[in-house]
Amino acid sequence: MANIQLPINPSAKAAIFEALQAGVSENTALIKEAEIYLKTVESTPVFHLTLIEIITNTSIDVKVRWLASVYFKNGIDRYWRKNTSNSIPEGEKTILRQKLISHINEPVLQVATQLAIIISKIARYDYPKEWPELLPSLLHLVRTEDDLVQQRALLYLHHVTKSLASKRLAGDRRAFQDLSSEMYSYVYALYSHINQTLLQQMETSNADIVGATMEKALLCLRVMRKLTVHGFKTPHQSNTVMEFVQTAYERIKNLLQYRQLILSNDSLLALCEKYLVVHCKVLRDLLDFHPFSFVPFIRMTIEFVLHYLFKPENQVLLFDLFVVQSLNLVKGIVLCAEYRPAKVIEDTKEPATLEAYRIKSEVFTPDSLSLMCRQLIENYLLLSQEDLHLWETNPEEFAAEEGGEAWKYSLRPCTGCLFLSLFHEYQSILSPVLISMLNESMGLIPPNDMSRIIKKDALYNAIGLAAFELFDEVDFDRWFSQVLLQELRVKESNYRILRRRVVWLLGRWIGVKLSVDLRPLIYETVLGLMEPGEDLVIRLSSAVTLRSALDDFEFNAEQFLPYLERSFSLLFTLLKETEECETKMNVLNVMSLLIELLGNQMKPFLGTLLQLLPALWDASDEHNLLRCAIISTLVHVVKGVGSNTEDLLHCLLPVVAYSTDSEQPAHVYLLDDALALWQAMIESLSQANPQVLQLLNNMPQLLELGSENLIICCDILKAYIYLCPDEFLAMYGSRIVNVLMEQIVDMRPEGEMRVMSVIESMLVNRPETAASIVSPILPFVVSSLLDGSSTALIITSFFSAISRVVLASKDIFFQVIAEVARREKQTPEFVLDKFMTLWIDKMSSVFALEKKKLLAIALASLLTCQSDIILDKVCGIFMRICETINDILPPTDSGEEIDRLVYAPGHVQADEGEEEVDNEHLKRYISTRRSVDPVFTLPLPTYFRNQITQLEAQVGSARFQDMTQTVDNETLEMMRNFLSHQARNNQL
């Protein structure tokens with residue numbers, strides 16, 4: 001292809017160059033100005049052409065060239081795709097691709113690496129359609145005799161194959177598989193040639209020559225890794241792939257031997273170890289992605305690992321990261337689901353599964369498993385000198401538990417994972433081995449015998465890890481009383497290792513096998529190890545064990561009470577003395593659990609904690625996880641204090657205000673816990689002050705965030721409504737309703753119900769005031785009901801709100817009907833007729849008795865509103881009211897009719913599905929329902945009779961008789977019975 005050239009404005013090029021120069025200066029002001037300028041011109045034409053000219057001009061300062069390459073790399077994601085705004089023109093792209101591939105002899109590795117990433121990003125978009133010559137060019141260049149060009153070509157090829165292999169669409173994966181089948185043999189031949197050269201140089205050449213060749217071999221191996229793992233659907237069907245994998249074991253062997261010769265050459269040693277690790281990753285990737293293709297290598301892998309990792313004479317060849325990779329490879333084989341046959345082996349359909357199972361059975365013999373178990377404990381689960389140094393210099397970091405994915409790169413967690421995997425799989429073989437090791441270790445070790453102390457620590461670690469599997473093998477009560485307690489009493493410095501491990505061991509076994517009678521001794525022991533005079537690591541481990549004891553299913557609060565004051569005091573001291581964020585979080589979590597479990601008994605001790613928490617909050621402004629722990633602790637404090645929260649407001653209000661402010665960046669971390677604290681606080685208050693009300697300024701923005709926190713936000717709003725209805729409605733009612741009105745349109749049914757519960761709470765507490773405030777949302781409610789697409793629960797919720805509006809203000813109800821008619825371009829009469837028909841029809845699907853009565857009361861109240869449309873529905877209205885009266889009148893021996901929902905002393909009704917809340921809120925809720933809610937204050941039969949009497953007076957006896965003629969006989973009979981009973985009751 002002929003070279004294409006585009007003119008570049010010299011002044012623009014000079015300006016970009018000057019900005020890049022400023023960007024690498026040490027003047028922060030110049031750097032900021034440069035960033036702003038480059039941001040403004042990055043989308044302009046020929047910006048990237050200018051960058052590539054600067055990058056490829058080796059006479060320019062390396063820092064400037066590197067910065068230009070970074071801007072180029074970032075521009076690929078923003079402007080290379082065709083459908084993006086300000087995308088790079090196709091003609092410019094062609095020139096850029098040409099210049100990138102032609103600059104293969106970049107002398108600076110850092111710049112070359114950036115160029116490789118740039119090419120790989122472009123290849124992800126353009127290969128093979130727009131850049132078909134890319135891989136042929138690279139494959140040609142990797143065969144050159146020029147070492148620099150070959151190294152750079154391999155570097156580019158590595159990043160390109162890595163990028164193409166990462167594409168996950170089915171078509172892209174097929175394309176990469178086709179590409180791999182074409183180039184695999186070629187790359188493998190090159191790799192074999194480089195490795196052969198490397199082997200010869202390792203015997204005769206100096207370190208620099210070996211290093212240069214090993215770098216090329218490493219890059220080539222990385223290319224082979226991606227081609228092998230992602231380039232074949234079934235790698236075992238390719239002889240070349242299987243040959244490549246098989247030779248990896250011999251190469252690892254040679255490299256381990258060579259590594260011993262270069263221990264004094266740090267750079268070459270690091271390169272050699274990296275090369276070894278990538279070999280291991282090839283094997284692990286093949287096992288993970290193609291377990292059936294790995295079956296032929298199971299025996300070879302296990303025998304190789306047994307030879308090098310579990311024979312003491314070969315362990316001198318090893319280094320930690322290689323051991324980690326090897327142990328994880330064995331763990332992958334042990335846990336591989338594809339290698340597990342059916343419970344009845346003959347039912348297994350996959351031949352490769354049976355073959356893998358057979359090989360595993362042959363290589364994992366009792367002897368080999370026993371050897372692995374002992375060696376894992378005695379060699380790889382040991383505390384290292386680095387661990388002990390960390391214990392001395394940074395005890396809090398040492399005490400932090402290694403969780404997550406530490407097993408991928410850290411030796412002890414990796415060893416623990418493999419040990420536990422083997423123990424799960426071969427428990428019957430390994431349990432006797434572990435018990436034998438435990439019996440061999442019985443008795444106190446001399447405090448100066450550090451080697452035996454560390455080995456015993458590893459053994460106890462293993463027994464703790466396998467606690468559940470050893471349930472029937474270990475009498476832990478006896479072991480603790482007769483052995484472990486004795487070891488805890490040895491105070492020599494070296495014994496702190498065992499004392500820390502023993503208290504950790506207690507935490508592992510306390511939920512597995514520990515008698516209830518022994519728990520007081522455990523509490524006494526653990527608390528003794530938390531005293532300030534103890535080693536900090538032991539104290540922190542003891543706090544973790546205390547949490548395990550508290551969180552156990554068999555925890556007995558009464559049994560723990562004698563230790564409560566001491567435990568809280570020791571935890572408080574530990575909280576003050578520690579410095580690391582994670583450590584304080586762990587201690588706070590234990591304190592939170594203690595407060596949660598012992599509630600009222602904690603009240604005398606909470607004052608000291610509340611004196612510390614504000615200062616801890618102020619000091620942790622950059623540690624959001626610690627602040628989450630503080631908020632969680634405050635939640636438990638509030639719930640523990642109960643109805644006396646007013647004294648805590650000075651501590652709670654700033655925390656809630658800050659954490660629920662959506663303008664604060666930290667709210668994304670703190671919001672969930674802060675909302676829980678807000679709810680606990682507001683539900684425990686007996687009255688609201690201005691500061692408590694002011695928190696509601698944060699609520700509209702929180703509601704606008706979406707449905708994630710809608711449930712708890714609505715619960716908070718309801719708590720406010722019951723706490724201070726007048727202030728809430730006056731100051732925030734309209735604002736909250738407007739936000740809810742905007743949000744409810746796109747909500748799921750669960751969200752709609754939550755919103756309507758807030759609306760109904762307003763109407764329950766202050767019906768007349770709330771009716772006008774909530775009126776803007778009511779047209780949506782009516783329209784949704786008329787639409788007919790709502791579920792039964794939503795229909796009930798919507799009609800409940802409408803019923804309360806009807807009872808509060810019929811004028812507002814008819815205004816809402818008129819507004820719906822206006823929106824739908826219908827007459828109000830038509831909408832009202834349709835709505836009343838729907839109301840009568842849907843009452844049969846309302847099952848909650850309180851809701852049904854509410855709807856019936858509202859229907860009865862509409863009888864006297866002098867609407868002909870409603871009077872035309874008297875047949876249905878009378879029928880639904882009579883059905884409801886029949887449901888709420890329990891049969892009595894005296895024949896007296898009593899509305900079972902009307903409150904009577906000693907009898908409290910609660911809404912179905914209403915969640916129990918803290919006492920203060922529950923008291924307000926019950927009190928309000930008893931005193932003002934017509935469902936619980938108004939007897940429906942009496943109200944219905946009064947409405948019938950008033951209706952007859954309004955329309956006259958003649959018309960009333962005509963209206964009753966439309967009512968079916970069964971309903972009329974029920975009406976006569978109810979009304980006659982009511983008349984007799986009134987006479988009595």
Side-chain angles (χ1 to χ4, degrees), residues 184 188 191-192 195-196 199 217 221 224-225 227-229 232 234-259 273 275-315 317-319 321-341 350-373 375-376 380 414 418 421-422 425-426:
Y184 195 88
Y188 178 54
Y191 175 63
S192 300
N195 266 284
Q196 189 62 37
L199 283 174
L221 178 60
M224 291 295 296
R225 177 188 173 194
L227 295 177
T228 301
V229 175
F232 295 88
T234 50
H236 60 274
Q237 293 181 351
S238 168
N239 293 331
T240 310
V241 172
M242 299 304 279
E243 179 185 334
F244 161 68
V245 177
Q246 188 162 4
T247 57
Y249 296 90
E250 186 64 27
R251 289 193 295 272
I252 292 173
K253 176 183 174 182
N254 292 331
L255 288 166
L256 286 173
Q257 296 289 344
Y258 180 69
R259 178 181 172 277
E273 290 181 352
Y275 192 33
L276 275 162
V277 168
V278 175
H279 277 91
C280 295
K281 288 181 178 179
V282 170
L283 301 177
R284 183 60 199 269
D285 284 353
L286 185 65
L287 172 62
D288 288 344
F289 289 93
H290 306 283
F292 291 135
S293 296
F294 193 81
V295 170
F297 305 108
I298 293 176
R299 184 188 304 275
M300 192 181 303
T301 300
I302 300 301
E303 290 177 350
F304 182 89
V305 172
L306 284 170
H307 178 75
Y308 280 98
L309 272 68
F310 295 104
K311 286 190 176 181
E313 62 270 21
N314 292 327
Q315 290 172 2
L317 301 173
L318 308 176
F319 58 98
L321 197 51
F322 177 78
V323 174
V324 169
Q325 294 292 332
S326 301
L327 294 181
N328 282 332
L329 188 58
V330 176
K331 179 169 73 77
I333 293 172
V334 172
L335 297 181
C336 183
E338 286 79 3
Y339 297 165
R340 297 180 185 273
E350 176 57 57
T353 298
L354 291 172
E355 176 66 8
Y357 178 72
R358 182 187 65 80
I359 295 172
K360 285 174 63 178
S361 301
E362 292 175 359
V363 295
F364 287 123
T365 64
D367 288 343
S368 64
L369 288 168
S370 176
L371 173 66
M372 292 175 72
C373 179
Q375 288 289 307
L376 285 172
Y380 299 116
C414 162
L418 175 58
S421 301
L422 288 170
E425 194 80 4
Y426 304 102

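Values reported hereafter were calculated over all heavy atoms of this structure, with side chains retained and with hydrogens, waters and symmetry mates removed. Residues take their numbers from the sequence shown, with the count starting at 1.
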Tell me, do Phe294 and Phe289 make a side-chain contact under 4.5 Å, heavy atoms counted?
-> no
Give the minimum heavy-atom separation between Ser421 and Leu335, together with the two atoms involved.
-> OG-CD1, 3.5 Å
How about Arg299 and Arg358: do any of their side-chain heavy atoms sit closer than 4.5 Å?
-> yes
Can any side-chain N or O of Thr353 pair as donor or acceptor with the backbone N or O of Arg340 at less than 3.5 Å?
-> no
What distance do Glu350 atom CD and Phe292 atom CZ have between them, rounded to the nearest 0.5 Å?
-> 4.0 Å
Look at the aromatic rings of His279 and Tyr191 and report parallel, tilted or perpendicular, splitting at 30° and 60°.
-> tilted
Do Leu283 and Tyr249 come close enough that some side-chain heavy atom pair is under 4.5 Å?
-> yes
Given side chains that start at C-beta, do those of Val330 and Phe364 come closer than 4.5 Å, heavy atoms only?
-> yes
Taking Ser368 for its side chain and Val363 for its backbone only, find out whether a donor-acceptor pair lies under 3.5 Å.
-> yes
Which distance, rounded to the nearest 0.5 Å, do you find between the CD of Glu243 and the OG1 of Thr240?
-> 6.5 Å
Is there a side-chain contact between Tyr184 and Thr228, using heavy atoms and a 4.5 Å cut-off?
-> yes
Got a second to check how far Leu376's CG is from Leu418's CG, nearest 0.5 Å?
-> 5.0 Å
OH of Tyr357: more than 12 outside heavy atoms within 6.0 angstrom?
-> no
Would you name the heavy atoms of Thr234 and Ser293 that are closest together and state the gap between them?
-> C-OG, 4.1 Å
Mind listing the closest non-hydrogen atom pair of Leu256 and Leu317 along with its distance?
-> CD2-O, 3.6 Å
4.5 Å side-chain heavy-atom contact, Leu321 and Glu273 = no
List the steps and the verdict of side chain to side chain contact (heavy atoms under 4.5 Å, CB included) for Met300 and Gln246.
-> CA-CA 9 Å; Met300 192 181 303; Gln246 188 162 4; 3.8 Å; yes
Would Ile252 and Tyr308 satisfy side chain to side chain contact (heavy atoms under 4.5 Å, CB included), going step by step from the backbone distance to the final call?
-> CA-CA 11 Å; Ile252 292 173; Tyr308 280 98; over 6 Å; no
Quick one: are Tyr275 and Arg259 in side-chain contact, heavy atoms under 4.5 Å?
-> no
Roughly how far apart are Cys336 SG and Ile298 CD1, rounded to 0.5 Å?
-> 7.5 Å
Closest approach of Arg284 to Asn328 (non-hydrogen atoms, all atoms of both residues) | NH1-O, 3.0 Å
Contact check, side chains of Leu329 and Gln325, non-hydrogen atoms, under 4.5 Å = no
Can you measure from NE2 (His236) to CG (Leu286) and round to the nearest 0.5 angstrom?
-> 10.5 Å
Please test His307 against Asn314 for side chain to side chain contact (heavy atoms under 4.5 Å, CB included), starting from the C-alpha separation and ending with a verdict.
-> CA-CA 7 Å; His307 178 75; Asn314 292 327; 3.2 Å; yes
Is it true that a side-chain atom of Tyr339 and a backbone atom of Pro291 form a donor plus acceptor pair closer than 3.5 Å?
-> yes
With rounding to the nearest 0.5 Å, note down the distance linking CD in Gln315 to CD in Gln375.
-> 5.0 Å
Starting from the C-alpha separation in whole Å, work towards a yes-or-no answer on side chain to side chain contact (heavy atoms under 4.5 Å, CB included) for Phe297 and Met242.
-> CA-CA 9 Å; Phe297 305 108; Met242 299 304 279; 3.4 Å; yes
How are the rings of Phe244 and Tyr188 set to each other: parallel, tilted or perpendicular (split at 30° and 60°)?
-> perpendicular
Taking every non-hydrogen atom, the tightest pair across Phe322 and Leu309 | CE2-CD1, 4.2 Å
Between Val295 and Ala352, what is the shortest heavy-atom contact and its length?
-> CG2-O, 4.0 Å
